[in-house]
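Notes to accompany the following structure.
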Amino acid sequence: MDKEITQEVTSQRRRKTITIALISILALVVLIWLIRTTLKSSVSKNEITTSVVEIGNIENTLNATGEVLPEFEEILTSPINASIQKVSMDAGNKVKAGQSILTLDKSATQTDYNKMKFQLESKQNEIKKLKLDLNKSFFDIQSNNDIKKLHIDNLTDAVENAKRLFKAGGGTREGIEQAELNLKVAQLEKKQLENEVQNKQKTMQIEIKEAEIASDILSSDLSALQRKLNLANIVATRAGVVTYVNKNIGANVREGESLARIADLSSFKVQGSISDNYLDQLHAGLPVIVMVSETQLRGHVVNVSPSIQNGIISFDIALDERNSKQLRPNMKVDVYLVTATHNHIMRVANGPAFKGPDVLDIFVIHNGKAERRTVHVGLTNFDYVELKDGVKPGDAVVTSDMKEYKNSKEINVTD
């Protein structure tokens with residue numbers, strides 16, 4: 001007859017099973033750790049890269065991007081509304097100063113010029129007529145004034161005669177008063193005439209001044225239009241290379257529209273861009289290193305754009321060696337902004353081993369073994385890493401990635 005298994009026995013079996021499982025898992029983990037430690041206790045020299053600690057200088061840098069641009073690039077625009085009549089140059093052609101790039105159809109603008117020239121001549125004739133009228137009015141006032149003066153002199157004599165007759169008993173008081181009245185009327189008429197002519201002269205002078213101003217405006221507009229017609233002969237203003245030309249013969253172009261670009265490829269600049277998070281560290285005069293392939297070119301920031309677009313800020317770089325043969329238009333380059341410099345410090349070549357916090361573990365080759373050491377990292381750039389302690393000049397530091405050996409304090413280095 002089967003016996004019923006008690007609850008206590010069942011619990012003991014369950015605990016025993018769990019204990020065995022835990023011991024098995026722990027043993028497996030220890031076995032894996034031992035295997036990894038045993039397998040990773042040595043490394044070949046060919047599998048690692050090293051750098052010797054040296055005394056030198058280091059520059060802290062911010063990574064940015066850049067584009068090489070011609071230092072001088074002229075954009076030739078259409079000075080008038082016209083159509084393209086002829087194209088003399090193609091992109092890539094070298095040009096000399098004064099050499100024709102393309103020709104515009106200037107007939108419509110030339111018609112406007114001739115019309116404006118006629119208007120100017122008409123305005124100038126109007127000024128001449130006004131001046132003649134002014135001179136005539138001046139002559140008229142002189143003549144009338146002389147006539148009125150003679151008439152007044154005559155009336156003055158009449159008053160004196162009337163007074164003498166009155167004293168001699170041959171005249172009357174009314175005769176004297178009439179003569180004096182006639183004199184006053186003549187004097188008032190003379191004054192009125194003078195005022196009328198003076199007012200007319202002032203009015204005509206204002207009209208002449210307005211006509212002269214209008215003439216000057218027309219003359220200025222005519223000169224501007226003449227200058228535009230001259231500029232419509234699209235020519236190179238200096239020697240260079242045509243980097244762009246509008247070749248659509250017959251196409252209508254508006255005033256200000258780009259027709260061609262001419263660049264001086266003998267000198268270049270770099271336009272850089274970086275996240276606006278570094279705006280407070282970016283300023284004019286900041287030293288810069290530009291990497292062109294494997295070549296370093298030095299320079300400095302000359303100006304920083306005042307606007308930010310999509311979280312990116314732009315800046316211009318003036319190179320010390322602007323005519324380097326390594327430079328090409330529109331070439332993309334790596335830019336490093338030098339924000340700090342430490343002199344006479346311990347440094348090693350930068351590498352994957354230094355990707356991490358300021359305090360990290362590295363390996364130093366000593367007596368055929370790689371010993372783990374804790375170091376404090378200072379400034380870093382694309383070339384070097386500053387080590388503040390944990391090493392001394394002459395030590396060979398492993399610069400390759402050693403994450404697989406993070407649990408090892410010492411590693412045999414084999415040939």
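- Atom-to-atom distance recorded for L327:CG and K269:NZ is 13.5 Å, nearest 0.5 angstrom.
- Of the residues listed (T339, I274, D276, L62), the one engaging L282 in a side chain to side chain contact (heavy atoms under 4.5 Å, CB included) is I274, and it is the only one.
- In this structure I312 satisfies the side chain to side chain contact (heavy atoms under 4.5 Å, CB included) test together with S273, sequence neighbours excluded.
- One distance of note links CD of E321 with CG of N323; it measures 6.0 Å at 0.5 Å rounding.
- Distance check: E257 CD to I84 CD1 gives 7.5 Å after rounding to the nearest 0.5 Å.
- Judged by distance alone, with hydrogens and angles left aside, the side-chain atoms of D395 form no donor-acceptor pair with the main-chain N or O of I365 at under 3.5 Å.
- Looking only at distances, no side-chain donor or acceptor of T295 sits under 3.5 Å from a matching main-chain atom of M291.
- Within the 4.5 Å cutoff, the side chain of E71 has heavy atoms near those of the R322 side chain.
- Remark: the D383 side chain and the N381 side chain contain no N/O donor-acceptor pair separated by less than 3.5 Å.
- Considering only heavy atoms from C-beta on, L360 comes within 4.5 Å of I362 through its side chain.
- For the atom pair CD1 (I317) and CG (L286), the distance works out to 9.5 Å, reported to the nearest 0.5 Å.
- In this structure, the separation between CG on D316 and CG on L69 is 8.0 Å, given to the nearest 0.5 Å.
- For the pair R373 (side chain) and G390 (backbone), a donor-acceptor distance under 3.5 Å is present.
- With E386 contributing its side chain and L379 its backbone, the two residues share a donor-acceptor pair below 3.5 Å.
- Here the NZ-OG distance, from K117 to S122, works out to 14.5 Å after rounding to the nearest 0.5 Å.
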